[in-house]
Amino acid sequence: MHADKHRELPVDPDERPLHLRVHALAWVFAGGLIGTGVRYWAEAAFPAQHGHWPWATFGVNVAGAFILGALLELLARLGHDEGWRQRVRLFGGTGICGALTTYSTFALEISELTRASAVVTASSYAIVSVVLGLAAAACGIALASRVGRG
């Protein structure tokens, strides 16, 4: 056994990686239930039309990017990723936002739009989704930064 060269660092009694800890998985699972429910509701309320812009996926992806940017910025400003901040990140960031947003459906919808000969819509959807997703995340970060200072 090697001696700990960093005794000044706090030691977590549970040395397993976070993704193997039951409590962490439970927080992600609980948040995932909410995110999945909201995405299901959005897809049911605004179903994709063949050859047209998929508004539900677009909306949840942009909203999720904003929420994730704001949440992570605010948590980072509040302190280290431990305790309640870590639980909020797992529940809200990984769980809710991870289940709310969907890259796989986004990619499938681009493919389906292309197959429906809506190449301009597919290209626009891809570009606008990425650009607005990045902008939404940046706006979320900026908003949380202002709130964190106040």
Side-chain angles (χ1 to χ4, degrees), residues 10 12-150:
D12 189 338
D14 186 350
E15 294 183 12
R16 291 176 296 168
L18 188 60
H19 69 279
L20 296 178
R21 299 180 194 174
V22 174
H23 79 276
L25 294 173
W27 284 109
V28 172
F29 179 79
L33 290 173
I34 294 169
T36 300
V38 172
R39 182 160 49 100
Y40 178 81
W41 169 84
E43 295 288 346
F46 306 99
Q49 306 279 327
H50 183 72
H52 295 280
W53 193 279
W55 287 105
T57 303
F58 177 75
V60 297
N61 283 346
V62 172
F66 176 84
I67 294 165
L68 186 60
L71 177 67
L72 294 182
E73 177 67 17
L74 190 57
L75 290 173
R77 288 180 170 277
L78 291 173
H80 295 293
D81 186 39
E82 58 191 17
W84 69 268
R85 287 177 298 279
Q86 185 178 72
R87 291 188 295 275
V88 169
R89 178 182 57 81
L90 291 170
F91 176 77
T94 307
I96 293 175
C97 290
L100 175 66
T101 60
T102 171
Y103 184 79
S104 58
T105 302
F106 167 67
L108 176 65
E109 288 168 343
I110 292 169
S111 176
E112 288 175 348
L113 285 167
T114 303
R115 274 192 249 127
S117 298
V119 177
V120 172
T121 302
S123 300
S124 300
Y125 175 55
I127 293 166
V128 171
S129 291
V130 171
V131 170
L132 279 184
L134 289 170
C139 287
I141 291 166
L143 178 65
S145 180
R146 284 187 140 171
V147 169
R149 276 189 243 136

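Every value quoted in this text rests on a predicted model; they were computed, and no experiment measured them.
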Give a yes or no on whether the backbone of Asp81 and the side-chain of Arg89 come within a donor-acceptor separation of less than 3.5 Å. no
Check the pair Thr57, Tyr125 against side-chain contact (heavy atoms from CB on, under 4.5 Å), reporting the backbone distance first and the verdict last. CA-CA 10 Å; Thr57 303; Tyr125 175 55; 3.4 Å; yes
Taking all non-hydrogen atoms of both residues, which atom of Gly32 and which atom of Ala99 are closest, and how far apart? O-CB, 3.4 Å
To the nearest 0.5 Å, what is the distance between CG on Leu100 and CD1 on Ile34? 11.0 Å
So, for Leu71 and Gly92, which heavy atoms are closest and what is the spacing to 0.1 Å? CD2-C, 3.6 Å
Does the side chain of Phe106 come within less than 4.5 Å of Pro54's, by heavy atoms? no
Is there a donor-acceptor pair under 3.5 Å between the side chain of Asn61 and the backbone N or O of Ser129? no
Thinking salt bridges, do Glu43 and Arg39 make one under a 4.0 Å N-O criterion? no
So Val62 and Thr101, do their side chains get closer than 4.5 Å, heavy atoms only? no
Could I get the full list of ring pair (Phe, Tyr, Trp, His ring centres under 6.0 Å) partners for Trp41, not counting sequence neighbours? none
Could you check whether any side-chain heavy atom of Trp84 comes within less than 4.5 Å of a side-chain heavy atom of Leu78, counting everything from C-beta outward? yes
Between atom CD of Glu109 and atom CH2 of Trp53, what is the distance when rounded to the nearest 0.5 Å? 11.0 Å
How long is the gap from CZ on Phe46 to CH2 on Trp55, to the nearest 0.5 Å? 11.0 Å
Could you measure the distance from the SG atom of Cys97 to the CG atom of Leu72? Nearest 0.5 Å is fine. 8.0 Å
Phe29 CZ to Thr36 OG1 distance, which is reported to the nearest 0.5 Å: 9.0 Å
Identify the two heavy atoms, one from Gly51 and one from Ala116, that lie closest to each other, and give their separation to 0.1 Å. CA-CB, 4.1 Å
What distance do Leu113 atom CG and Gln49 atom CD have between them, rounded to the nearest 0.5 Å? 11.5 Å
Might you work through the side-chain contact (heavy atoms from CB on, under 4.5 Å) test for His52 and Thr121, ending with a clear yes or no? CA-CA 7 Å; His52 295 280; Thr121 302; over 6 Å; no
Considering all heavy atoms of both residues, which atom of Arg85 and which atom of His80 are nearest to each other, and what is their separation? NE-O, 2.8 Å
Residues in ring pair (Phe, Tyr, Trp, His ring centres under 6.0 Å) contact with Phe66, at least two apart in sequence or another chain: none
Are Phe58 and Leu132 side-chain neighbours, meaning at least one heavy-atom pair lies under 4.5 Å? yes
